[in-house]
Amino acid sequence: MATASPPLATAFRPLAAAGGAGGGGAHAVGAAGRVAPRRGRRGFVVRSVASDREVRGPASTEEELSAVLTSIDSSAIASNIQHHADFTPLFSPEHSSPLKAYHATAKSVFDSLIINWNATYDYYNKVNAKQAYYLSMEFLQGRALTNAIGNLELTGQYAEALKQLGQNLEDVASQEPDPALGNGGLGRLASCFLDSMATLNYPAWGYGLRYRYGLFKQIIAKDGQEEVAENWLEMGNPWEIVRNDVSYPVKFYGKVVEGTDGRKHWIGGENIKAVAHDVPIPGYKTKTTNNLRLWSTTVPSQNFDLGAFNAGDHAKANEAHLNAEKICHVLYPGDESSEGKILRLKQQYTLCSASLQDIISRFESRAGDSLNWEDFPSKVAVQMNDTHPTLCIPELMRILMDIKGLSWNEAWSITERTVAYTNHTVLPEALEKWSLDIMQKLLPRHVEIIETIDEKLMNNIVSKYGTADISLLKQKLKDMRILDNVDLPASVAKLFIKPKEKTGKLLVQSLESIAEGDEKTESQEEENILSETAEKKGGSDSEEAPDAEKEDPVYELDPFAKYDPQLPRVVRMANLCVVGGHSVNGVAEIHSEIVKQDVFNSFYEMWPTKFQNKTNGVTPRRWIRFCNPELSAIISKWIGSDDWILNTDKLAGLKKFADDEDLQSEWRTAKRNNKMKVVSLIRDKTGYVVSPDAMFDVQVKRIHEYKRQLLNILGIVYRYKKMKEMSAKDRIKSFVPRVCIFGGKAFATYVQAKRIVKFITDVAATVNYDPDVGDLLKVVFVPDYNVSVAEKLIPASELSQHISTAGMEASGTSNMKFAMNGCILIGTLDGANVEIREEVGEENFFLFGAHAPEIAGLRQERAEGKFVPDPRFEEVKEYVRSGVFGTSNYDELMGSLEGNEGYGRADYFLVGKDFPSYIECQQKVDEAYRDQKLWTRMSILNTAGSPKFSSDRTIHEYAKDIWDISPVIMP
């Protein structure tokens, strides 16, 4: 290796390369997750977790190196960056570019992270404290570079170092692609939680899947949204290390047999290998650096069929590898086909199985000779982020019983005390239901376990409610069963035998035959029932009947107890989560009440102490300190310190300055500077030119009917129509200039959502080129919305729309980010909007729309044909259909808002009902915005009222109330 400059040789030489996918480096890895820095001319003591022995280098120590790194200056950093550009090659040496500078800079930062990453893991092993594990199908991390150097408090040094190398930190950071590991709020919440866990020094890891192509990259074309594969891994990921020695087998299909040891054995089938890829999660102003472990899937090389390949059957030769690797190709693959459903179920099981095997391996390693499975819940907490990781419950049962040899009762007690569930939705289609037939084929042992859990649950229900009120018992079983439309087991089905209305020849099987699935002859069936009937009378079928003239009653099984072949048999995953975990939490106060009083009311009646609320939060590091540095500096100046970054309660100190003219002036300047960045962003991504003097009105979130982007764009259409009806003078007098910004992805197979995207872009194409309205109104759809786009849009936003149908949004987190950055919200009383409004003040929130308790009645009113639409709503629909926005056919879109019944009709999300209230509220927005002093005061009070919505508060609550873990402070 060539000799580097003196600062580089002194400070960084032992950490010359970071390894991992695309890195070309050479870090050794330990099976338990520790990174051993490569030894160069100088070395230090490293502990190999796999062998529990010391590997000793010739001179230095890890502590000495750490001391050097914590005192480095910009010149040393510049030398290290140059070193990685030269000796961690990803690019041809003759090429110099911001992308090459980014990778070299990332590797330099990674050098600093490794020391704390190693130390954190070693210390967790040493103290053996209880650790939380957060399982999620999504982690929407955002770019790592600015976040990492911010948390390391090295932003200034890296900016200066890059300047010395002729580069600009902002330009270099912009080269980083967003990791395509999530889509919406679910993944962003998980990432905020990881940041808070590390910052607050909680021993906790995240587990997810490493999607090669993400959900999709969104392109806005003439016909609307188009999807192409994400390319975030094409140039390698400098923030991960592949752990080739940390892998676990994952099985599908096969069959279950009972061994001579009395245990069940799952044999045969398809076997793949899950391989760990680790990403460091640094805390802010702390040494704690936790881990996000992502799984990729493959099979061993010997599974490649060389014979088939040489025979010309190349597809068959690679079939095993393709079947394994495609599990981690795409987030949420389309599931309209049976193949798509199977792939999704494989994804979920892979996450659960690999993660639990890893967790159990770590528990066993830390326990050593004192291993006691009863200690497992006191050392491990598993949090299921939504229903995707539900299979953790039967998988943990399977491992404990079939592999570790525990009894059912022992395994169930451990599982129930270990696992907890966060519910994120009240939408029926989002409460996952898996085909029992598919699951039986793919995971036969797990179905056996689920069937037993289901039967034990039903026996508990019968014990609680008894049989006196059979209708009530039926309703509880219907609500609470895990298996839906599946024959009741014999122990429960016997309660639903009733006399036939007419006596005569028996046409049903006996209870035992139903339970066993046997087909018996009619004479056998009749004999069994007659025998039971005689027994109930106190005699046998050979005794003479007391009254020879009287026929014995004939019994039949209530249809309620039987499978209906016209309906699918399904596994209700949310019900399994509630039954199998010790805690169920909602994510906003109103949502948690809906969970208790509606979604899981029967479960709440049975286990009220299981249910609690944990209102979501967002990390103030990424979502204000790093993405809005100018406003952050203003806040620190007026509060008197930057302590608010770790203690957001201090933001309330801004309230007393809300009317101060100097603060208001600085506040408006920061907002305008952020708006200028968005002007450039819009021009670059769409070609549209917008005015920074207009109000920036933003709705950015996943495209879904319940989030009501359709209500927003119809309000814009109404505004445009009224503008067109006025003179130029009246337009200026009547309307505040607005730039209406949309962003978000419609799921590839969600046709109605894609129609909404197309409609928005059609309106934009008309409005933005209309000289009559000019800068009074612009409509922009920002393509491929992601975290990096959000980090620019949110600081620049002045009005943010959170307008879901009341009672349908669990919480939302973008509403918190907007409020924290001084953006004023317009919204319904839904999700966290309720709490935001309480915290910032009713006068600083624009409220409209029906309330959650009214929704069911309003839908019923619609079904009965009693709803009378507002004339303004009819006016705007007619205007859309007039052809003013082009030749596209909007009949399906407008038709969804019409009629009183039918799939895709009857305005289920109450756009028409809330439309008058919405446009009247928007007039109040215009009035308030004209008074910039009032508006700025409202903006300041939104920031001042946002302390509650830090994810630090949320994680403290999870740690105390659900996980029972404590901070572990690094020495």
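Excluded from the calculations below are hydrogen atoms, water molecules and symmetry mates; all remaining heavy atoms, backbone and side chain alike, are included.
A heavy-atom distance below 4.5 Å is not found between the side chains of S435 and K341. Between D558 and K474 there is a side-chain heavy-atom pair separated by less than 4.5 Å. Contact check for L457 versus R481: no side-chain heavy atoms found under the 4.5 Å cut-off. For the pair Q131/W963, no side-chain contact is recorded, criterion being any heavy-atom separation below 4.5 Å from C-beta on.
Residue D402 forms a salt bridge (Lys or Arg N to Asp or Glu O under 4.0 Å) with just one option from K264, R263, R445, and that option is R445.
No donor-acceptor pair under 3.5 Å is formed between the side chain of T749 and the backbone N or O of G334. Here the side chain of Q383 pairs no donor or acceptor atom with the backbone of A132 at under 3.5 angstrom. The backbone N or O of G340 sits less than 3.5 Å from a side-chain atom of S337, completing a donor-acceptor pair. Judged by distance alone, the side chain of W266 and the main-chain N or O of Y253 form a donor-acceptor pair under 3.5 Å. Side chain of T297 to backbone of A324: a donor-acceptor contact under 3.5 angstrom is found. Judged by distance alone, with hydrogens and angles left aside, the side-chain atoms of N485 form a donor-acceptor pair with the main-chain N or O of P568 at under 3.5 Å.
Sparse packing is recorded around NZ of K441, with 12 or fewer heavy atoms of other residues, nucleotides or ligands lying under 6.0 Å away. Atom CZ of R212 has 12 or fewer heavy atoms from other residues, nucleotides or ligands within 6.0 Å.
Ion pairing between E227 and K754 holds under the 4.0 Å rule for side-chain N and carboxylate O. Checked for salt-bridge contact, R293 and D278 meet the test: a charged N lies under 4.0 Å from a carboxylate O. The pair K476-E605 meets the salt-bridge criterion, with a side-chain N (NZ, NE, NH1 or NH2) lying under 4.0 Å from an Asp/Glu carboxylate O. Using a 4.0 Å cut-off between charged side-chain N and carboxylate O, K404 and E364 make a salt bridge. Of the charged side-chain nitrogens involved, none lies within less than 4.0 Å of a carboxylate oxygen, so that K316 and E319 do not count as a salt-bridged pair. A salt bridge is defined here as a Lys NZ or Arg NE, NH1 or NH2 lying under 4.0 Å from an Asp or Glu carboxylate O, and E374 with R417 meets this definition. With respect to the salt-bridge test (charged N to carboxylate O, under 4.0 angstrom), the residues K433 and D484 do not qualify. With respect to K745 and E230, a salt bridge is recorded, a charged nitrogen being found less than 4.0 Å from a carboxylate O.
For H388, the ring pair (Phe, Tyr, Trp, His ring centres under 6.0 Å) test picks out Y332, with sequence neighbours left out. Under the salt bridge (charged side-chain N to carboxylate O under 4.0 Å, His left out) criterion, D479 pairs with no residue, sequence neighbours left out.
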Kindly list each side-chain donor-acceptor pair under 3.5 angstrom involving residues 576-585, sequence neighbours excluded, with atom names and distances?
{"residue": "S583", "atom": "OG", "partner": "Q612", "partner atom": "NE2", "Å": "3.2"}
{"residue": "N585", "atom": "OD1", "partner": "T422", "partner atom": "OG1", "Å": "2.9"}
{"residue": "N585", "atom": "ND2", "partner": "Y958", "partner atom": "OH", "Å": "2.9"}

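With no hydrogens or angles considered, no side-chain donor-acceptor pair links D358 and Y133 at under 3.5 Å.
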Open item on the list: Checking S471 against Q475 for the side-chain hydrogen bond (donor to acceptor under 3.5 Å, both in side chains) test, could you report, in this order, the C-alpha distance in whole Å, the side-chain angles of both residues, the deciding distance, and whether it holds?
Closed with: CA-CA 6 Å; S471 296; Q475 187 59 49; over 6 Å; no
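Geometrically, K346 engages F252 in a cation-pi contact defined by less than 6.0 Å to the ring centre and at most 45° from the axis.
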